[in-house]
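Some notes on the structure that comes next.
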Amino acid sequence: MSVELLSANHAAATAAILAGEANREAGGFGGGVYPITPQTECIELLCAHDFTKGEVVRVESEHSAMAVCMGFSLGGARTFTASASNGLAYMCENVFSAALYRLPVVMMAANRTLGPPWNIWVDHGDSLMLRDSGWIQFFCEDNQEVLDTTLLAFRLAEDPRILLPVLVNQDAFVLSHTMMQTDIPSQEQVDRFLPPLHLPHQIGDSPVTIGGLDFPHETEVHRKQHAEAMDRVFEVYEEVRREFEEVFGRKPEGPVVPYQLEDADIVFVSMGTTGSTVRTLVDRAREKGIKAGGLRIRIFRPFPGEAIRSALGGAKKIAVLDRNISLGLGGVTWSELKDWAPEGSLVQDYMIGLGGGDIRPEHLESLLEDLQKLEHEMHPKIVEVG
Amino acid sequence: MIQASKGLLYPWEKELCGLTRFCLTATNCGGKSGCLPLAGCGEGYNPEVMTKPLEIRVHGRGGQGGVTCAKLLASFFARVGKSVQTFGDYAGERSGAPVRAFTRVSDQAITNRNKVYEPDEILVLDPTLLSKEVLNGLGEGGRLLLNVPEPRWEELEQRFLRFQLGLVDATGIARRHRIGTRSLVIVNTTIAGAYAKMAGLPFDLVEATYQALGFMSNLEAAREAYNGVQVWEPREWPKEREGLSPGEGRALEKVEKRIESLPAHRLSPPTPLKTGSWKTQQPVYTENLAPCNAWCPAGNDVVGFIQAAGKGDVEEAARILARTTPFPGVCGRVCPAPCMEGCNRRELDGAVQIRGLERWVADQGFDVVPEKAVPPKVLDFGVVGSGPAGLSAAYQLALRGHRVRLYEGEKELGGVLRTGIPSYRLPREVLDREVGKILELGVETETGRFLRFEELEMLARNHEALILATGLQSLRKLEVDGAELEGIEQGIGFLHRVNLGECPELSGHVVVLGGGNTAMDCARSALRCGAERVTVVYRRTRLEMPAIREEIREAEEEGVQLLLQRQPIGFEGNRRIERVLLAEVEMGEPDESGRRRPVVTERVEPLACDHVLLALGQSRDLEVLPESWKVHEQRVSVHGEVLPIFLAGDYATGEGTVTHAIGHGRRAADLAMKELGEEVEVFERPDRARAVPATDIRFDHFDRAAPTRMPVLDPGERVRSFEEVNGGFSRSLEAHRCFSCGHCTRCDTCLVYCPEGIIRRQELGYEVDYSYCKGCGICVEECPREAMEMTQ
């Protein structure tokens, strides 16, 4: 273990390198990479590493990057790549393929606003575009969480009960380019946590066809299997968390992260780094005697509806902070969460920080005021902070 | 007054400030943590807990290293066991754009991920950024560190009385320590040293941090800033704030409420951002001296004619040459081409074949002699000698509209061009054509009589000014035993006979003594006159041979043998030469010319031969001048009175090449006209040191291309006649290899690389929209040919 000043970009790359090395006795590491702001630093570090077994292939596009990952993964390599924004959009076809091939690829997305017009700052819309792609999705709040989540993503993805790709999201710049002290585990610890990968449908020396024609009745079965694997994620994740704690001495957060929720009337729901701003708001509100609480969604796919319902308890007013917009609807998190809110509660959508504006506690204080005045749900609102 | 004067701005500083010993890990490990052990390590540093996080904001410009500066500060504090967070405020803009970066320091885990709006400390890396906005949120007593040149310190010291103010000339220090690039000084590692001093951090900590980060080459600059930063404690401290630390009790900035429901939401229209206000420097298009132009002794606009030829405008190329030389066809064949020695393309894949291009332009046969000028007063000049210097002088004088009478001892004009250079190098029709063009300007000639003594005096009386360009007539002899034997003659005399068509018949073994162009001409002409074997004997090594490289190569191709490091010490024979005695030579220390001095040994061997041609060098013959004429600084005076008589070409300088003579003839003509009252800019050879160096050429922008080769006659065929050996280029493709050093070619690189897209094509060049140019310098950095520069 050592503590180093790392950006979250480098935290993700460091985790991928450790995980890749842990597979050196089996299929080694593999990755196809293509740079895009704000993910570039991550793959630069990855490319600079000389893997004991395996390699990083620099390709000409994101679409090819994921194609290379699929090839590596099918060959038994522990596979990682990273992208963002329009890069993910260009990669999209193969993002679906990786999931439908049931390949345990891990990808870091440094969430960035989709263009044009071009904007390099944080917005979760790029990864949420892929919500139906069959990938597991995590959203992280700090540098350490990025490193830890990347490590456990491999373990979760490769579990024979799951066999699904995992997308580990970090906010553009707010995480990707921010350096903080980060605990880096030793290779020996990672070796213990991540056993060599053995993919049941790994390709070998004999020719096989993978992903050929599926007739309707076969597709029905495949989709059902995929959905069932998704359903098992929370159960397997609990096991992985426990083992992570055993090896590394700290326990990653669950699918949702509550803050002061026990008696909360008003709850602010968030994803990513906004979670820490929500905690500041809750502290300030409670100083004024307002029973506020916070809920951060850490796993977005599969959607932790039950965990959310249970965490929200008897909340009366719920503000969903969406750093995204589904045009023609409103915030994506809000649209998914409202079915799991306590009966009779008011769920208001605030799309805040679109395009990467700095969401400050003072902004949330004004939302709290707005929420307190509300008597019934309003149309989803855009809050300008930029 | 607050106690701030003791530097105790923050509670935890008490420990830092008072310490002379510093533990990097704050764990009293005694050096076991793998840190860099410092003096007194392990002797008990126990930092106090910070009551609130320290927030630092750095303001700089893109390219100055502001984000790294913030990281450096974070690294200092991380080394003493604090939690840190550091990030830049990234934007789409690049170099020159205002950039902010932030650092937080705390004893608690840092969860605030907002930008820093109410900093405890501000660092400003560029003084042009100083504004209200930059100081936003800095509380009274807060720390403000500015990078400004010293002359402004007095003014600024009076401006920021409410803050703890630090002033340092980080740019000056960084520049002295050569930190940064050609167009941009990078100040981050320097100002971080000043910061450490202000914050009471020991320099050991700076050193340990730079060591860990690999910045040791910047450490001395940081040390200079650490020792040189001037610090003023706050001098205006409101009474009601006594006892408070900066930032405490400050009202938070009000956040404007802007919540609208989706249907009513309206975007404010984007406003254009005039980024031109960011710049401290701006790009301009300039014309810099190309090395070929600087190297050309004739003062030709080499880059100009090549670029014109490259664009297909051969007539313009010929016109450019005609301004400075009447002899493009001659020089395109026999010039040693110093321009090619200076050519920056040598550093990539071989010099541009400038000589070949000049010949190609001349051979296209355009009649481009400039119109004769009408001078305010027609002057009468006499020019003695019709070699390259005399003809060049006559050409320039005639172009100015003056009367010129040219005196030549031989029957035909041309001097050494006609009598010294064999026609296989310079065909007579080429020489005749170019001499003819000079005569067409109305130059009168008088040939066939060598003028001496009183004849020269008479000329001086008959003309308003006289130019003497009689070249090097005095031949160096070899005063050794047997020098009078038959079969030994001066090479110049031999060439003279050959070139005037006598074609003396030679046979057997011909030995040529010397290593210059005359020696090569003798050797190759001897072969053509029937010699069975020719040996060139030279006393130094091949590298020191003054002959043009191609001449040596072509001579060897034709069968000429070189015998190097041999000194003739005598001739033997019965009436007629039979043997030349050659002593071996060893190379000693360099002499004043930089060439190694030959040291003659006693090891002597005879070399049997039938003819010997002496090509040992020539010098000017001052003895033909009237006795009363004294030559001083290329002028003639009589009894202390300077006469309007000017020496030109080899007769003045002895430089020994056609192109030097052309340039000097032109200069003599200019001087003569000026002396007689005409307004004329006297030609001066450009200063080579001012030429664009190869290191300023962006080779990456050019494709590699080997020099174009000329067709040449087969060596076996060459020696059978005096037909021209080199065939010349058939096209001007070679011109496309020219970098056009220092001269814009409208290649659009600046336009393509401008991140703002604000460079536009104009009819003759480009226009920069300075209201948007942020002075990033990318266009200047990318200009392939140094035709742009940054100005303040």
For B/T103, which atoms come within 4.5 Å of any heavy atom of chain A: side chain, backbone, both, or neither?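 Neither the backbone nor the side chain of B/T103 comes within 4.5 Å of chain A.
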Option in A/V3, A/T277, A/L5, A/T280 with maximal non-hydrogen atom pairs under 4.5 Å from chain B: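 Greatest number of close heavy-atom pairs with chain B: A/L5.
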Any carboxylate oxygen within less than 4.0 angstrom of a Lys/Arg side-chain nitrogen, looking at A/D171 and B/R113?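 No, no charged N to carboxylate O under 4.0 Å.
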Do A/E145 and A/R298 sit within salt-bridge range, that is, some charged N less than 4.0 Å from a carboxylate O?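 A/R298 and A/E145: salt-bridged.
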Under 4.5 Å from a heavy atom of chain B, the part of [X] involved:
X	result
A/I352	neither
A/N143	both
A/P38	neither

Report the relative orientation of the aromatic rings in B/F87 and B/F102; use parallel for angles under 30°, tilted for 30 to 60°, perpendicular for over 60°.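 Correct class here is tilted.
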Salt bridge (Lys or Arg N to Asp or Glu O under 4.0 Å) partners of A/E188, counting only residues at least two apart: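 Once residues adjacent in sequence are excluded, the partners of A/E188 under the salt bridge (Lys or Arg N to Asp or Glu O under 4.0 Å) criterion are A/R192.
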With sequence neighbours left out, write down each residue that passes salt bridge (Lys or Arg N to Asp or Glu O under 4.0 Å) with A/D358, or none if nothing qualifies.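 For A/D358, no residue satisfies salt bridge (Lys or Arg N to Asp or Glu O under 4.0 Å) once neighbours in sequence are set aside.
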